[in-house]
Visitor: 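The following block contains the structure, expressed as structure tokens.
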Amino acid sequence: MTDRTQGDGGTTPPAGAKGPDELRWQIEQTRSQLGDTVEELAAKADVKGRAKARAADLMDKAGALTVQLRSSAAHAGHVVQEKASHAGHRTQAGASRTGHTVQERASRAGHTVQERAIRAGHTVQEQATRAGHSAPVSNAVEAYRRNPRPLVIALAAGAALVAAGLLIRRSRRR
């Protein structure tokens, strides 16, 4: 080792030892480098240990991914629930508006029928008077005049059924 250089990148002097202390120092340096090299080779050769380390790393990543997926799923569930709730409210509001519309139209139809029946009763009574009959108008008209409420209710119910049928038919066409 007197005139050879060591291939360690220049950390040791290129020439041989100049004394016993320097020689001891070079031996210690070489032992240290050799120990480091052996440790590196042992780590590379320890396939089982590297596999365990890799498995532990993958398990950590899988755990983190599981937490992230659960969080995403929970968030998606909340979003879907919120959208379904809003859709339900919109549907309920639409049904309420439709119900009010049907009720209003049925009420108008009932009033219209009632007014027409009253006019018809007056017309029949006038015609009977003009004809010189003092006899009472037909029994149905007379019964209506005494108690108009059942006839109005029946006519309003009929009008509501007709209006509901028209609304159902219209909604099926869309």
Visitor: Do the non-hydrogen side-chain atoms of Leu166 and Arg170 ever get within less than 4.5 Å of each other?
Guide: no
Visitor: For Arg50, what residues pass the side chain to side chain contact (heavy atoms under 4.5 Å, CB included) criterion, not counting sequence neighbours?
Guide: Lys44
Visitor: Output all residues satisfying side chain to side chain donor-acceptor pair (under 3.5 Å) with Asp60, sequence neighbours left out; order by chain, then residue number.
Guide: none
Visitor: Which hydrophobic side chains are connected to Val102, either touching it within the sub-4.5 Å cutoff or through other members that do?
Guide: Leu167
Visitor: Donor-acceptor pair, Ser96 side chain versus Gln92 backbone, under 3.5 Å?
Guide: no
Visitor: Could you measure the distance from the CD atom of Glu22 to the CD atom of Gln29? Nearest 0.5 Å is fine.
Guide: 11.5 Å
Visitor: Please round to the nearest 0.5 Å and tell me the distance separating atom CG of Leu41 and atom CG of Leu34.
Guide: 9.5 Å
Visitor: Who passes salt bridge (Lys or Arg N to Asp or Glu O under 4.0 Å) against Glu40, sequence neighbours left out?
Guide: none
Visitor: Applying side chain to side chain contact (heavy atoms under 4.5 Å, CB included), can you list everything that pairs with Arg97, at least two apart in sequence or on another chain?
Guide: Ala93
Visitor: Could I get the full list of salt bridge (Lys or Arg N to Asp or Glu O under 4.0 Å) partners for Arg108, not counting sequence neighbours?
Guide: Glu104
Visitor: Each residue besides Ile168 in its hydrophobic cluster should be listed here, by chain and number; the cluster joins Ile, Leu, Val, Met, Phe, Trp and Tyr at side-chain heavy-atom distances under 4.5 Å.
Guide: none
Visitor: Once side chain to side chain contact (heavy atoms under 4.5 Å, CB included) is applied, do any residues pair with Lys83, and if so which ones, sequence neighbours excluded?
Guide: Val79
Visitor: Among all residues two or more places apart in sequence or in another chain, which pass the salt bridge (Lys or Arg N to Asp or Glu O under 4.0 Å) test with Arg90?
Guide: none
Visitor: Given side chains that start at C-beta, do those of Lys48 and Lys52 come closer than 4.5 Å, heavy atoms only?
Guide: yes
Visitor: Kindly write out the residues that satisfy side chain to side chain contact (heavy atoms under 4.5 Å, CB included) with Ile153, not counting sequence neighbours, or none if the list is empty.
Guide: Arg149
Visitor: Quick one: does Thr30's side chain have a donor or acceptor within less than 3.5 Å of a partner on Gln26's backbone?
Guide: yes
Visitor: Using atom types as modelled, flag every donor-acceptor pair under 3.5 Å from a side chain in residues 66-73 to any protein atom, sequence neighbours excluded.
Guide:
from	atom 1	to	atom 2	distance (Å)
Thr66	OG1	Ala62	O	2.8
Ser72	OG	Gln68	O	3.1

Visitor: If you round to the nearest 0.5 Å, how far is CG of Leu155 from OG1 of Thr112?
Guide: 11.0 Å
Visitor: My understanding is that only residues two or more places apart in sequence, or in another chain, count here; which of them pass salt bridge (Lys or Arg N to Asp or Glu O under 4.0 Å) with Lys61?
Guide: Asp57
